[in-house]
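One-based numbering, in listed order, for ligands and for the atoms of each.
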Amino acid sequence: MVDYLIVGLGLAGIAFCERLEQQGRTFSVINDDSQTSSNIAGGLYNPVLLKRFSLAWKADEQLKMILPFYKNLEDKLKITLDYKVPVLRIFASVEEQNLWFEAADKKKLQPYLSTKLLDNNNPCIKAPFGFGEVLHTGRVDTKVLAKAYSGYLSKKKLLDPETFNFDELKIGTDYFSYRTIKAKRIVFATGYGLKSNKYFNYLPLNGTKGELLTINAPLLKEERVIKSSVFIIPVGNNLYRIGATYKWKDKSNEPTLEARRELKAKLDTFLNCDYKIVNHVAGIRPAVADRRPLVGKHPVYNHMYLLNGFGSRGVMIAPYASRQLLEFIENGRVIDPEMDISRYDKDYIEV
Ligand SMILES: Cc1cc2nc3c(=O)[nH]c(=O)nc-3n(C[C@H](O)[C@H](O)[C@H](O)COP(=O)(O)OP(=O)(O)OC[C@H]3O[C@@H](n4cnc5c(N)ncnc54)[C@H](O)[C@@H]3O)c2cc1C
């Protein structure tokens, strides 16, 4: 018997496995490739919402946690994950510059918004009003992480690369059994796959499709992340990721011509050099109506838990939410009420 069965190995599942290993708990994981979000994400971490110049939810607490979290993973898996790159926001006008400096004066934002107005000296970028720099930002290579972590668990024979079949789950009084696995607890971390989870699909997970292009732009020579109507994210070897789109209706993981055109049109408004599109990917962000994660215990079944709803900020939220869930299960500590799924208990319909 293992302590935990985990379904899903995106950022949420990986973060929870890490917490379990740190606590010396035993576990088994089942994961398929039906969802792609963690594999294709831009991977940025950034404490500031750049549309409104406001602080992201719990950004202070999350930032403190992510640096040691990804560093531990780098050491353990012997890979590089965390690239500490600055994020520059292109100003569209003098008014926007003023809004930035007003925001930078606010106590909460002071640590994160530089008060220097940066001039543009890259001929490939159109930015006549310059840039504002967000501090304490970076990029985690989530694709490299997902691959390395699956490999790590596979070697230890802890990963079953299959689709979880809900009909085969047996719920006992003290444990769950699923095929040959017996586990004291079960944690679902399936991203948008929650929609086919009969125990938790009463929750208001919307899912927002996002698409990203990769371009090859040898003349661009830019090492910082540039944000205008889309992000330009340098990933090395003259390659840059461009994104992302936000679509609420299409729930497939297939790249679309419409998104490719949209991203290209937006990019062309501020990129002034030749480039070639060399890749195009899509995924569904597990987004929630109230923009808060979905973390906690099932309203009826004891020992059945959920870790989901990270929306477009999985890199920062995963270490934070996974820790809270484990401390709740193991030590009875209260989950932040804003993300505790008990806020939706009234919507639960008996299965
Ligand atoms: C285009 C795009 C760009 C993004 N950029 C960023 C960014 O720059 N920064 C950032 O922080 N976040 C970003 N995100 C968001 C980020 O990707 C998500 O917040 C995060 O990956 C969600 O992780 P997850 O583990 O909850 O879900 P997922 O990544 O969807 O993982 C769930 C896993 O469970 C598996 N699964 C599902 N159902 C089953 C089943 N029945 N049986 C077995 N396995 C199952 C899936 O196949 C998958 O492997 C982006 C997302 C997109 C789409």
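The closest protein non-hydrogen atom to atom 48 (C) of ligand 1 is Asn31 OD1, 3.6 Å. For atom 23 (O) of ligand 1, the closest heavy atom belonging to the protein is Ser38 OG, 3.2 Å. The protein heavy atom nearest to atom 11 (O) of ligand 1 is Val315 N, 2.9 Å. Ranking the protein heavy atoms by distance from atom 5 (N) of ligand 1 puts Gly42 N, 3.1 Å first. In this structure, the protein non-hydrogen atom closest to atom 27 (O) of ligand 1 is Gly191 CA, 3.4 Å. Nearest non-hydrogen protein atom to atom 36 (N) of ligand 1 is Asp32 OD1, 3.3 Å. Counting protein heavy atoms only, atom 14 (N) of ligand 1 is closest to Ala41 CB, 3.8 Å. Of the protein's non-hydrogen atoms, Gly283 O, 3.4 Å is the one closest to atom 53 (C) of ligand 1.
Looking only at side-chain heavy atoms (C-beta outward), Lys58 and Glu61 come within less than 4.5 Å of each other. Between Ile226 and Phe270, some side-chain heavy-atom pair lies under the 4.5 Å cut-off. Inter-residue side-chain proximity for Phe166 and Tyr199 is flagged as met; some heavy-atom pair is nearer than 4.5 Å. The side-chain heavy atoms of Met316 and Leu11, taken from C-beta on, include no pair separated by under 4.5 Å.
Contact annotation for Ala189 and ligand 1: only backbone heavy atoms (N, CA, C, O) come within less than 4.0 Å of the ligand. Of all the heavy atoms of Leu9, the ones lying under 4.0 Å from any atom of ligand 1 belong exclusively to the backbone. When non-hydrogen atoms are compared, ligand 1 lies under 4.0 Å from the backbone of Asp33 (N, CA, C, O) but not from its side chain.
Residues Phe69 and Leu20 share a hydrophobic cluster, clusters being chains of Ile/Leu/Val/Met/Phe/Trp/Tyr side chains in contact below 4.5 Å.
For Phe164 and Phe188, the gap between ring centers is short of 6.0 Å. Here Tyr4 and Phe16 bring their ring centres to under 6.0 angstrom of each other. Checked against a 6.0 Å centroid threshold, the rings of Tyr240 and Tyr275 do not count as neighbours. Between His298 and Phe200, the distance separating the two ring centers is shorter than 6.0 angstrom.
Among the atoms of Gln35, some N or O lies under 3.5 angstrom from an N or O of ligand 1. By the 3.5 Å distance cut-off applied to N or O atoms, Ala12 is counted among the residues near ligand 1. Considering backbone and side-chain N/O of Gly314, one or more are found under 3.5 Å from N/O of ligand 1. Looking at ligand 1, you won't find any N or O of Phe166 less than 3.5 Å from one of its N or O atoms. Of the polar atoms of Ser312, at least one N or O is found under 3.5 Å from an N or O of ligand 1, judged by distance alone. Below 3.5 Å of separation, one finds no N or O of Ile284 facing any N or O of ligand 1. Between Pro286 and ligand 1, a contact under 3.5 Å exists for no N or O pair. Some N or O of Phe164 is nearer than 3.5 Å to an N or O of ligand 1, by distance alone. No N or O atom of Arg285 sits closer than 3.5 Å to an N or O atom of ligand 1. The N/O atoms of Gly13, backbone and side chain alike, include none that comes under 3.5 Å of an N/O atom in ligand 1.
The CD1 atom of Ile125 sits 9.0 Å away from the CG atom of Leu88 when rounded to the nearest 0.5 Å. Ile242 CD1 to Ile232 CD1: the interatomic distance, rounded to the nearest 0.5 Å, is 5.0 Å. The distance from atom CD1 of Ile40 to atom CG of Leu212, rounded to the nearest 0.5 Å, is 5.5 Å. Atom CG of Leu44 sits about 8.0 Å away from atom OG1 of Thr137, to the nearest 0.5 Å.
Nearest to atom 19 (O) of ligand 1 by heavy atom, out of Ser34, Gly311, Ala282, is Gly311.
Heavy atoms of Gly43 approach ligand 1 to within less than 4.0 angstrom. At least one heavy atom of Glu162 sits closer than 4.0 Å to an atom of ligand 1.
Below 4.0 Å from some heavy atom of Thr163 lie the following atoms of ligand 1, by number and element: 41 (N), 42 (N), 43 (C). Counting atoms of ligand 1 from 1 in the listed order, those under 4.0 Å from a heavy atom of Gly10 are 25 (O), 29 (O), 31 (O), 33 (C). In the vicinity of Phe310, heavy-atom distances shorter than 4.0 Å reach the ligand 1 atoms 19 (O).
For the side-chain contact (heavy atoms from CB on, under 4.5 Å) test with Tyr178, the passing option among Asn165, Val7, Ile186 is Asn165; the others fail.
Taking 4.0 Å as the cut-off between side-chain N and carboxylate O, Arg224 and Glu222 count as a salt-bridged pair. A salt bridge is absent between Glu18 and Arg323; no separation between the charged side-chain nitrogens and carboxylate oxygens falls under 4.0 Å.
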